[in-house]
Amino acid sequence: MRIANLSGRLALIVDGRAVDVAKASDGRFSADPQAVYEHWDEFRSWAAAADLPAGASFDPAELGSPAPGPRQTLAIGLNYRDHASESGFAAPEGLPPVFTKFVTSISGPVTQVKLPADGSTDWEVELVAVIGRRAEGVAEADAWEHVAGLAAGQDISERVAQLAGPAPQFSIGKSYPGFAPIGPWLVTPDEFDDPDDLELRCAVNGEEVQKGRTRDLIFSVPALIAALSAVLPLLPGDVIFTGTPAGVGLGRNPQRFLAAGDELVSTVEGIGELRQTFIA
Ligand code: ZN
């Protein structure tokens with residue numbers, strides 16, 4: 001099953017067309033895309049059995065984030081060995097660094113993003129998981145039961161702000177408006193042959209800069225849910241950015257950052273793509 005946020009309303013995506021959930025369910029489920037995660041099991045049962053009307057075609061630019069207003073966004077740093085290495089760090093042995101992307105940075109999949117002045121703005125394609133069932137002290141073996149679905153994400157990062165000061169400011173450098181595109185929709189885990197092995201790719205102006213697979217995550221999605229939920233409850237609709245593979249601009253020689261007019265396309269296998277253009 002695929003769900004989307006089409007112009008601020010929850011939609012099911014069926015054969016590439018959008019079915020409005022509030023209308024198709026006669027108001028049983030809210031049009032608010034973020035509200036569905038509070039009733040995720042009930043929604044899944046309804047969607048599996050519902051006799052849905054024909055969907056409508058849409059423009060991907062009309063899509064918002066399938067989780068536009070999570071109470072918590074947890075983002076993971078240095079979760080691929082090759083990216084930890086290019087960043088000058090040893091691969092973490094315990095839980096990798098955790099930071100947040102503040103909720104106002106979240107956007108839909110096709111956007112224009114304003115580059116911070118005097119900054120060095122970088123790309124990080126990531127798999128995003130959205131929580132569908134409260135997770136508190138969850139064992140790794142049970143963790144997928146708590147995931148509503150997966151989406152593509154971009155952890156856009158302004159490196160000057162991120163790395164200035166006596167200690168890194170990950171949450172600040174990664175939370176400018178539009179720095180957390182998510183989408184193009186949410187795909188439930190059952191849709192994948194193996195939800196723990198998906199290819200991630202990222203290209204700048206058509207040139208591939210990142211290519212990795214989620215099987216190389218140091219902490220997989222289930223391992224992250226186990227480790228994070230041992231500390232704090234993960235709530236329905238919460239978002240986890242799982243980390244990026246190698247190939248970011250900061251790790252290149254010479255370093256490379258985004259410029260006005262650049263187009264960034266980020267893809268996750270079995271899900272779809274994000275498309276960001278940058279302006280000064
Ligand atoms: Zn990241």
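All figures in this text were calculated on a predicted structure; none of them were measured in a lab. These numbers come from the heavy atoms of this one structure, side chains and all, not from hydrogens, waters or symmetry mates. Ligands are counted one by one from 1 in listed order, and the atoms in each one are counted from 1 as well.
The atom of Glu124 that is an N, O or S and sits closest to the Zn ion (ligand 1) is OE1. Looking at Glu126 and the Zn ion (ligand 1) together, the shortest N, O or S contact belongs to OE2. When you scan the N, O or S atoms of Asp155 for the one nearest the Zn ion (ligand 1), you land on OD2.
When every heavy atom of Ile182 is checked against every heavy atom of Ala151, the shortest pair comes out as CG2-CB, 3.8 Å.
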For Glu124 and Arg159, run salt bridge (Lys or Arg N to Asp or Glu O under 4.0 Å): C-alpha distance rounded to whole Å, both residues' side-chain angles, the deciding distance at 0.1 Å, then the answer.
CA-CA 12 Å; Glu124 297 192 357; Arg159 303 299 190 190; 2.8 Å; yes

Verify salt bridge (Lys or Arg N to Asp or Glu O under 4.0 Å) between Arg81 and Asp216, making sure each step is shown before the conclusion.
CA-CA 8 Å; Arg81 286 175 207 288; Asp216 295 323; over 6 Å; no

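Side-chain contact annotation: Ser266 with Glu273, donor-acceptor N/O pair under 3.5 Å absent.
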